[in-house]
Amino acid sequence: MISPLDPSNLRKRIVELDDRRRDLLAQLLRPSPMVIGYLYKMRRRCGSPRCKCSRGELHSSWYLSRRQEGRTKLTYVGRVVPQWLGERVGRYRQYQKRLAAMRKMDAEISRLLNQLRDEKVQTLEQATKRR
Ligand SMILES: [Zn+2]
């Protein structure tokens, strides 16, 4: 039976991860313009009793939310999100996701390399006893 810790399995898994990592890196290397933050749609009532919002059709507007000096900063965008802004915020979000995926792969590659090392590593005492 082949163990998942089998060195050839480990090597295969590491090489696969490294291939996927390289593809990811290629996507990350030349980023297009991005805008930092996340878009939020807020719905509210204006308070006028004769307005449609008093019957449940709330006013909606978009805000951009981002962390700044440890606090969340909300910036008013408008009733609609301009296309360029939507694209740039989307790219930022995608970039962040890819970075997170890359960190995960790095950690996994590192973990597998540790396993590979541990298959071969000995203390001096073990090495001299078994030779
Ligand atoms: Zn209203």
Side-chain angles (χ1 to χ4, degrees):
M1 195 188 114
I2 300 166
S3 131
L5 291 175
D6 186 84
S8 70
N9 278 353
L10 287 173
R11 273 192 287 276
K12 205 175 141 203
R13 179 90 184 106
I14 291 166
V15 168
E16 281 168 8
L17 276 168
D18 190 48
D19 283 347
R20 283 171 47 207
R21 189 191 188 283
R22 207 171 310 120
D23 292 342
L24 204 54
L25 182 64
Q27 293 170 328
L28 288 166
L29 276 179
R30 297 188 198 289
S32 299
M34 292 177 268
V35 169
I36 190 167
Y38 296 93
L39 288 163
Y40 281 106
K41 193 180 198 176
M42 303 247 247
R43 294 168 194 279
R44 58 178 185 82
R45 287 177 216 279
C46 67
S48 163
R50 264 168 273 171
C51 184
K52 61 179 182 173
C53 68
S54 66
R55 299 187 301 273
E57 271 186 72
L58 302 184
H59 303 279
S60 66
S61 45
W62 288 91
Y63 287 81
L64 187 75
S65 150
R66 66 186 189 275
R67 298 292 290 173
Q68 195 171 302
E69 287 154 16
R71 301 177 61 185
T72 301
K73 187 179 176 176
L74 275 186
T75 307
Y76 178 71
V77 171
R79 283 168 183 263
V80 291
V81 178
Q83 193 185 338
W84 69 268
L85 182 59
E87 285 169 4
R88 287 180 187 206
V89 170
R91 277 188 215 125
Y92 173 73
R93 184 171 230 153
Q94 187 179 52
Y95 204 88
Q96 291 296 88
K97 270 173 82 174
R98 286 177 173 159
L99 270 180
M102 180 165 258
R103 279 192 289 270
K104 234 175 126 179
M105 275 181 209
D106 285 343
E108 179 67 1
I109 289 171
S110 179
R111 192 182 69 80
L112 294 170
L113 286 171
N114 282 343
Q115 285 184 22
L116 209 51
R117 176 203 60 205
D118 291 346
E119 291 285 307
K120 293 290 176 184
V121 77
Q122 295 176 314
T123 62
L124 175 62
E125 289 75 14
Q126 290 168 333
T128 50
K129 203 182 290 174
R130 287 179 194 173
R131 272 178 61 200

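Remember, it's a predicted structure, so these values are computed and weren't measured experimentally. First listed ligand is number 1; within each ligand, the first listed atom is number 1.
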message: Just to verify, what does D23 make a salt bridge (charged side-chain N to carboxylate O under 4.0 Å, His left out) with, not counting sequence neighbours?
response: none

query: Any idea how many protein N, O or S atoms are nearer than 2.8 Å to the Zn ion (ligand 1)?
result: 4

- line: Between the CZ atom in R13 and the CG atom in L10, the distance rounded to the nearest 0.5 Å is 10.0 Å

query: Does R117 CZ have over 12 foreign heavy atoms under 6.0 Å away?
result: yes

message: A quick test of your reading: do over 12 heavy atoms of other residues, nucleotides or ligands sit less than 6.0 Å from CZ of R91?
response: yes

Could you go through residues 72-87 and list every donor-acceptor pair under 3.5 Å that involves a side-chain atom there, pairing it with any protein atom two or more places apart or in another chain?
| residue | atom | partner | partner atom | Å |
| --- | --- | --- | --- | --- |
| T72 | OG1 | R67 | NH1 | 2.7 |
| T75 | OG1 | R66 | NH1 | 3.3 |
| Q83 | NE2 | E87 | OE2 | 2.9 |

Mind listing the side-chain donor-acceptor pairs of residues 33-47 below 3.5 Å, one per line with the distance, residues two or more places apart or on another chain?
| residue | atom | partner | partner atom | Å |
| --- | --- | --- | --- | --- |
| R45 | NH1 | C53 | O | 2.8 |

